[in-house]
Amino acid sequence: QVRLVESGGGLVQPGGSLRLSCAASEIALRTNPVAWYRQAPGKQRELVAFISKGGSTNYADSVKGRFTISRDNAKNIVYLQMNSLKLEDTAVYYCNVGYITGSGSYRADDYWGQGTQATVSS
């Protein structure tokens, strides 16, 4: 059974950094597109970043230049390095294994983790 486990969230001040991890079992992340989503209280879940099988990356405009998604094939982990954090980055962050459409858009599949809370507060 496919399982995704996120970790690395926490409380950080504005301008700080966090590194989130998404560890997978029963699925090879290197052969699948993987995305990070987030959901803030009262808001819909939104796509933050994704990485393709080939390693190309794509980011939401709100995090471009601050967040970096990467993959460690040996450990079967996808990371989200979050720098220069802002108050509005506060959310539960989820990883997802999905697919990329012909137009290059990411589409979530049914594999989700339980989420990890990232709170940015002074």
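We're numbering straight along the sequence, starting at 1.
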Which residues share a side-chain contact (heavy atoms from CB on, under 4.5 Å) with Lys64, sequence neighbours left out:
Tyr59, Asp61
Is there a side-chain contact between Asp109 and Val97 in this structure, where contact means two heavy atoms from C-beta onward sitting under 4.5 Å apart?
no
With sequence neighbours excluded, tell me which residues meet side-chain hydrogen bond (donor to acceptor under 3.5 Å, both in side chains) with Gln114.
none
Among residues at least two apart in sequence or on other chains, which ones pass side-chain hydrogen bond (donor to acceptor under 3.5 Å, both in side chains) with Tyr111?
none
Return the minimal non-hydrogen interatomic distance between Leu20 and Gly9, and the atom names on each side.
CD2-N, 3.6 Å
For a quick test of your reading: what N or O donor-acceptor pairs under 3.5 Å do the side chains of residues 24-35 make, sequence neighbours left out?
unit_1	atom_1	unit_2	atom_2	d
Thr31	OG1	Ala28	O	3.0
Asn32	ND2	Ala28	O	2.8

All pairs passing disulfide bond (SG atoms under 2.5 Å apart) where residues 26-114 contributes a residue, at least two apart:
Cys22-Cys95
Report the hydrophobic cluster partners of Tyr79, with the cluster defined as I, L, V, M, F, W, Y residues connected by side-chain heavy atoms closer than 4.5 angstrom, directly or transitively.
Ile77
Please table the atom pairs, donor to acceptor, closer than 3.5 Å between any side-chain atom in residues 44-57 and protein atoms at least two apart or in another chain.
unit_1	atom_1	unit_2	atom_2	d
Glu46	OE2	Arg38	NE	2.6
Glu46	OE2	Arg38	NH2	3.2
Ser52	OG	Gly54	N	3.3
Ser52	OG	Gly55	N	3.2
Ser52	OG	Ser56	N	3.1
Ser52	OG	Ser56	OG	2.7

Can you name the side-chain hydrogen bond (donor to acceptor under 3.5 Å, both in side chains) partners of Ser122, sequence neighbours left out?
none
Taking only residues two or more places apart in sequence, or in another chain, which ones meet Ser17 in a side-chain hydrogen bond (donor to acceptor under 3.5 Å, both in side chains)?
Asn83
When rounded to the nearest 0.5 angstrom, what is the spacing between CZ in Arg107 and OG in Ser105?
5.0 Å
Residues two or more places apart in sequence or in another chain: which of them pass ring pair (Phe, Tyr, Trp, His ring centres under 6.0 Å) with Tyr37?
Trp112
With sequence neighbours left out, what residues match Val120 under side-chain contact (heavy atoms from CB on, under 4.5 Å)?
Val12, Pro14, Leu85, Leu87, Asp89, Thr90
Residue pairs involving residues 6-16 (criterion side-chain hydrogen bond (donor to acceptor under 3.5 Å, both in side chains); sequence neighbours excluded)
none
Would you call Trp36 and Val78 a side-chain contact if the rule is heavy atoms closer than 4.5 Å?
yes
